[in-house]
Amino acid sequence: MTTQEPDDLLLRLRRFRSDYFPRHQQRFQDLVAEGQHPKTLFIGCSDSRLMPYLLTGTGPGELFIIRNVGAFVPPCDGSHGLHGTVAAIEFALLELKVERIVVCGHSHCGAIRAAYEGVADEALALKSWLRLADEALLPVRPSPAALRRSEQRAVVLQLERLMDYPMVRSRVERNALTLHGWHYVIEEGEVHVFDVQAGDFVPASLASNAGTGPYAPYVEGADHTQ
Ligand SMILES: [Zn+2]
């Protein structure tokens with residue numbers, strides 16, 4: 001045994017148990033007894049600056065989260081491979097029966113930049129994965145404005161890909177599911193939501209709803225159990 005101080009991560013684990021958990025113990029125990037019933041599937045970029053719980057003011061049991069490089073959704077191509085993202089979408093819809101899917105990209109996204117500029121030769125999986133952004137790229141040099149536009153276009157592209165999945169499309173068409181496209185601007189602390197009527201992303205502080213995707217707005221309290 002060494003007399004080394006506990007590392008920072010270990011200290012944080014202990015702090016969770018001693019500081020946070022006692023204040024929320026009942027909530028955690030209820031979630032175990034009753035199971036999880038999150039209403040929202042959040043598909044977000046892995047970027048460390050994107051904080052789904054903080055942005056949405058949610059806590060344990062409220063968001064089912066998929067994070068990957070770029071917040072991308074693979075195309076519905078019937079390949080049934082080891083697709084973690086698609087498997088989680090299926091679980092969220094079929095087991096958890098979520099009512100909303102949020103796709104959340106963000107400013108200064110390394111995935112979109114890498115889609116323009118390329119990645120290390122040995123990053124073969126990453127190189128393939130980034131092709132999911134191809135249709136969102138613009139035929140210009142990646143200026144800050146072009147990158148931001150591409151980040152937003154990538155969000156809309158993923159919503160369109162989601163609609164190619166029959167289990168998504170059928171639920172959206174019978175109002176059992178709504179899709180939301182978000183672009184989080186880190187330096188402004190503001191999420192811009194995609195509004196199909198406006199045909200653009202609108203700052204949440206000015207928007208009339210949490211984003212319509214290409215489809216109907218989510219209505220709080222409406223019957224989504226069909
Ligand atoms: Zn990103």
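Scope of the values below: all heavy atoms of this structure, side chains included, with no hydrogens, waters or symmetry mates. Note that this is a predicted model, so its numbers are computed, not measured. Whatever order the structure lists ligands and atoms in, that order sets their numbers, starting from 1.
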Quiz item: Quick one: salt bridge (charged side-chain N to carboxylate O under 4.0 Å, His left out) partners of E188, sequence neighbours excluded?
Solution: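 By the salt bridge (charged side-chain N to carboxylate O under 4.0 Å, His left out) rule, E188 matches no residue at all.
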Quiz item: If you look only at pairs with a residue in residues 104-125, which of them pass as a side-chain hydrogen bond (donor to acceptor under 3.5 Å, both in side chains), with sequence neighbours excluded?
Solution: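 Output for this query lists S107-E187, H108-E187, R113-E117, Y116-S150.
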Quiz item: Is R149 salt-bridged to D200, going by a charged N under 4.0 Å from an acidic O?
Solution: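 Counted as a salt bridge, because a side-chain N and a carboxylate O are separated by less than 4.0 Å.
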Exercise. Applying side-chain contact (heavy atoms from CB on, under 4.5 Å), name anything that partners S143, two or more places apart in sequence or on another chain.
Key: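 S143 satisfies side-chain contact (heavy atoms from CB on, under 4.5 Å) with A145, A146 only.
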Practice problem: Hey, can you tell me if H183 and F201 have their rings parallel, tilted or perpendicular (30° and 60° cut-offs)? | Solution: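 H183 vs F201 ring planes: perpendicular.
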Quiz item: According to the interplanar angle, ranging from 0 to 90°, do the rings of Y20 and H24 count as parallel (below 30°), tilted (30 to 60°) or perpendicular (above 60°)?
Solution: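 Answer is parallel, since the angle falls under 30°.
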Exercise. Sort by chain and number the protein N/O/S atoms found under 2.8 Å from the Zn ion (ligand 1).
Key: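 You should have found C45 SG, H106 NE2, C109 SG.
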